[in-house]
There are 2 protein chains.
Amino acid sequence: MTITQLKYVLAVAEHQNFTKAAQKTFVTQPTLSMQIQKLEEELSIQIFDRTKKPIELTAIGKKIVNQARNIVNEADRMQDVVDQEKGFIGGVFKLGIIPTVMPTLLPMFLKNFTKRYGKVQLKIEELTTDEIIHKIKDGHLDAAIAATPLEIESIKERVLYYEPFVGYIPEHHRLFDKQKIEGKDLDLDDILLLEDGHCFRDGVVNLCKASKLQAGDSFQLESGSFETLIKLSNEGLGMTLLPFLHTLDIPNEQKSYLRYFTEPSPAREVSLLYNKNELKLQIINALYESISGVIRGAIAFQDVKIISPKAKN
Amino acid sequence: MTITQLKYVLAVAEHQNFTKAAQKTFVTQPTLSMQIQKLEEELSIQIFDRTKKPIELTAIGKKIVNQARNIVNEADRMQDVVDQEKGFIGGVFKLGIIPTVMPTLLPMFLKNFTKRYGKVQLKIEELTTDEIIHKIKDGHLDAAIAATPLEIESIKERVLYYEPFVGYIPEHHRLFDKQKIEGKDLDLDDILLLEDGHCFRDGVVNLCKASKLQAGDSFQLESGSFETLIKLSNEGLGMTLLPFLHTLDIPNEQKSYLRYFTEPSPAREVSLLYNKNELKLQIINALYESISGVIRGAIAFQDVKIISPKAKN
DNA sequence: ACCATGTAATAGATTTTATCGATACAAAAT
DNA sequence: ATTTTGTATCGATAAAATCTATTACATGGT
């Protein structure tokens with residue numbers, strides 16, 4: 001049994017296809033076939049059921065794959081040990097970010113971070129919370145930023161900041177004249193929300209549920225970005241809710257439409273997520289420090305009420 | 001980096017000597033030299049300081065060795081996964097037992113166990129508690145039986161049984177006429193104990209401390225086995241204490257010298273110890289079941305007061 | 001039934017790697 | 001100084017991993 005063989009097994013298990021797995025591992029397909037056969041022989045078990053199309057893991061194959069992942073993870077960690085000792089922070093690092101955090105948070109810390117940690121090659125991907133969960137679990141992401149708490153077994157969460165929600169209330173709206181709004185003022189049929197998969201909505205939906213309605217399910221409109229939402233709102237289609245950081249760069253003439261919540265303000269918790277195996281922990285720590293450092297200045301400390309994206313489950 | 005290289009590193013780290021490590025790993029010394037150099041090159045670090053005699057680990061070398069152990073442990077566990085799936089219980093299993101448990105417990109379960117699990121090649125070694133701790137930590141033992149609680153980080157304890165102490169009181173001794181004895185009856189200067197390293201004594205010493213004396217340290221006599229102790233006791237050199245199982249096979253004419261404690265009787269806790277990495281867990285489980293099964297019949301359930309071998313620290 | 005397609009297994013050649021035996025070299029012990 | 005003990009180096013060899021080319025085997029479509 002070699003580490004290489006185990007990596008091959010993981011690749012085939014992932015792609016359910018020897019040929020594709022071969023490309024990903026930069027070897028030819030016969031190499032994979034042979035090495036995996038050799039491993040199966042050594043262990044005297046069948047890892048893959050090759051009669052199925054596409055290829056499938058056998059019952060024991062699944063356990064083998066799990067253990068293989070453990071071994072490969074520990075092996076990868078060897079480089080971490082070396083890097084840590086050398087004080088070296090570098091290498092490829094894959095970070096996932098949910099869409100409603102990406103545009104505001106990324107510009108705030110990216111330049112600073114890459115300047116400080118030039119050896120780290122950040123690969124950032126915009127992903128939904130579900131995609132993030134899967135990709136952290138199977139090691140395709142080193143870390144991610146999403147609304148929490150998720151409380152997923154095998155994923156660690158480190159809170160970056162609490163981001164209050166702010167109401168965006170167009171003229172002629174029934175709440176326009178209030179200086180501060182409260183959760184119970186909200187009406188689900190009255191709020192423009194982002195499309196499904198954006199976990200921001202989860203927070204808001206729960207906020208509304210918690211404060212008022214039974215949520216009659218059907219919303220009036222769904223859109224892809226807060227910019228659109230604001231425009232729709234301006235057209236008189238209803239109010240909307242924006243995470244605090246998004247309110248920082250809306251045009252001045254529209255700022256008068258912002259209505260903060262009375263404290264404790266509803267807020268979302270945004271955290272850094274990573275696999276509990278803690279691979280590349282040094283980079284994760286560096287990221288955490290960078291982000292929470294830059295955020296400390298941006299979000300005024302205030303009394304907030306956390307809205308869980310998971311509460312609806 | 002290969003698993004083989006990591007095993008070589010572990011061997012050299014253990015023996016502090018390439019030549020000996022080579023013998024243990026069944027390769028030649030140049031093979032070790034080359035493979036370890038290759039690994040050092042790949043990681044761009046020095047694992048060993050070869051200027052020192054005997055050879056030493058560098059600072060980072062120690063961390064590398066730790067991680068190497070993690071990887072190799074996970075790799076070894078692959079066979080466990082396969083065995084578990086196949087319901088196969090077998091292979092070499094190294095078990096350590098402390099001297100004061102060995103002669104009584106071993107005969108009770110060994111025959112039964114080997115009959116039931118013929119595929120397991122038990123290698124049993126008589127060791128002191130300290131030796132056991134070290135050897136479990138570095139993987140030279142798969143499990144051990146000793147008096148607990150030890151509460152060692154990285155070692156798991158599963159209690160096998162509680163073994164009451166029984167007084168062996170010769171004629172003309174001041175306690176001879178009592179039907180049952182109590183902890184406070186004991187006097188350290190008056191008891192024959194086993195030599196240091198036998199953790200049984202720890203228990204007794206603590207028993208005495210707890211019940212009476214400040215333990216003026218110097219004992220009158222120290223010996224190597226309970227048999228000797230009994231004989232010395234018969235010669236009028238004082239009373240002694242025996243673990244319950246040892247009292248089962250003393251000659252009938254001497255049984256009249258046994259004095260049980262009033263309940264709750266002082267007792268020692270005897271446990272199965274194994275590394276928290278849980279390698280070969282199936283065999284450990286099998287052992288546990290075998291031993292606690294045979295013990296259930298042998299030790300009458302009674303109210304006991306546990307004497308910790310560690311309390312003196 | 002036959003063929004096209006996608007995919008894995010096999011065979012043989014080639015390259016790479018691990019290991020060995022012999023020996024050189026260094027440091028400590030005598 | 002010489003012997004002992006132990007590691008590094010060298011060249012040869014055996015073992016292995018990988019490659020290219022090809023075959024085998026399904027599956028679905030015609």
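This one's a predicted model, so the numbers in the text were calculated from it and none came from an experiment. Each chain gets a letter, A, B and so on, in the order its sequence line appears, and its residues count up from 1.
- Under the rule for a salt bridge (Lys or Arg N to Asp or Glu O under 4.0 Å), A/Arg116 has no partner lying at least two apart in sequence or in another chain.
- Computed from coordinates, the A/Ile3 CD1 to D/dA17 P distance equals 13 Å when rounded to whole Å.
- Sorted by residue number, the list of members of residues 56-67 of chain A with any non-hydrogen atom under 4.0 Å from DNA chain D is empty.
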Any N/O pairs under 3.5 Å between the protein and nucleotides 13-16 of chain D? List them or say none.
{"unit_1": "D/dA16", "atom_1": "O3'", "unit_2": "A/Lys38", "atom_2": "NZ", "d": "2.3"}

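- Judged as a salt bridge (Lys or Arg N to Asp or Glu O under 4.0 Å), not a single pair has a partner in residues 27-36 of chain B (not counting sequence neighbours).
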Filtered N/O pairs between nucleotides 6-12 of chain C and protein, under 3.5 Å:
{"unit_1": "C/dT7", "atom_1": "OP1", "unit_2": "A/Asn17", "atom_2": "ND2", "d": "3.4"}
{"unit_1": "C/dA8", "atom_1": "OP1", "unit_2": "A/Phe18", "atom_2": "N", "d": "2.7"}
{"unit_1": "C/dA8", "atom_1": "OP2", "unit_2": "A/Phe18", "atom_2": "N", "d": "3.2"}
{"unit_1": "C/dA8", "atom_1": "OP2", "unit_2": "A/Thr19", "atom_2": "N", "d": "3.0"}
{"unit_1": "C/dA8", "atom_1": "OP2", "unit_2": "A/Thr19", "atom_2": "OG1", "d": "2.8"}
{"unit_1": "C/dA9", "atom_1": "OP1", "unit_2": "A/Arg50", "atom_2": "NE", "d": "2.3"}
{"unit_1": "C/dA9", "atom_1": "OP2", "unit_2": "A/Ser33", "atom_2": "OG", "d": "2.7"}
{"unit_1": "C/dA9", "atom_1": "N7", "unit_2": "A/Gln29", "atom_2": "NE2", "d": "2.8"}
{"unit_1": "C/dA9", "atom_1": "N6", "unit_2": "A/Gln29", "atom_2": "OE1", "d": "3.2"}
{"unit_1": "C/dT10", "atom_1": "OP2", "unit_2": "A/Gln37", "atom_2": "OE1", "d": "3.1"}
{"unit_1": "C/dT10", "atom_1": "OP2", "unit_2": "A/Gln37", "atom_2": "NE2", "d": "3.4"}

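- Atom pair B/Gln46:CD and D/dT7:P shows a separation of 14 Å (rounding to whole Å applied).
- The list of ring-ring contact (aromatic ring centres under 6.0 Å, His included) pairs with a residue in residues 67-89 of chain B, not counting sequence neighbours, is empty.
- Among residues at least two apart or in separate chains, salt bridge (Lys or Arg N to Asp or Glu O under 4.0 Å) pairs with a member in residues 54-70 of chain B are A/Glu85-B/Lys63, B/Lys52-B/Glu56.
- Evaluation of the ring-ring contact (aromatic ring centres under 6.0 Å, His included) rule for B/Phe113 yields B/Tyr117 as partners, not counting sequence neighbours.
- For the pair B/Thr51 and B/Thr2, nearest-nucleotide mapping onto DNA chain C gives the more 5' position to B/Thr2.
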Output side-chain donor-acceptor pairs under 3.5 Å for residues 24-39 of chain A, partner residues at least two apart or in another chain, one line each.
{"unit_1": "A/Thr25", "atom_1": "OG1", "unit_2": "A/Ala21", "atom_2": "O", "d": "2.8"}
{"unit_1": "A/Thr25", "atom_1": "OG1", "unit_2": "A/Ala22", "atom_2": "O", "d": "3.2"}
{"unit_1": "A/Thr28", "atom_1": "OG1", "unit_2": "A/Thr31", "atom_2": "OG1", "d": "3.0"}
{"unit_1": "A/Gln29", "atom_1": "NE2", "unit_2": "A/Ser33", "atom_2": "OG", "d": "3.1"}
{"unit_1": "A/Gln35", "atom_1": "OE1", "unit_2": "A/Gln5", "atom_2": "NE2", "d": "3.1"}

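- Checked options A/His134, A/Lys94, A/Glu14; the residue passing with A/His140 is A/Glu14 (criterion: side chain to side chain donor-acceptor pair (under 3.5 Å)).
- Residues that satisfy the salt bridge (Lys or Arg N to Asp or Glu O under 4.0 Å) test with B/Glu278, not counting sequence neighbours, are B/Lys156.
- When the P atom of D/dT27 is taken as reference, atom NZ of A/Lys52 falls 11 Å away, rounded to whole Å.
- In this view, A/Glu131 satisfies the salt bridge (Lys or Arg N to Asp or Glu O under 4.0 Å) rule with no residue, not counting sequence neighbours.
- Looking only at side-chain heavy atoms (C-beta outward), B/Leu127 and B/Lys135 come within less than 4.5 Å of each other.
- Contacts of A/Ser154 classified as side-chain contact (heavy atoms from CB on, under 4.5 Å), with partners at least two apart in sequence or in another chain: A/Lys137, A/Lys276.
- Here B/Thr31 does not reach the OP1 or OP2 of C/dT19: none of its side-chain N or O atoms lies under 4.0 Å away.
- A/Tyr8 comes within 4.0 angstrom of sugar-phosphate atoms only, judged by non-hydrogen atoms across all strands, and of no base.
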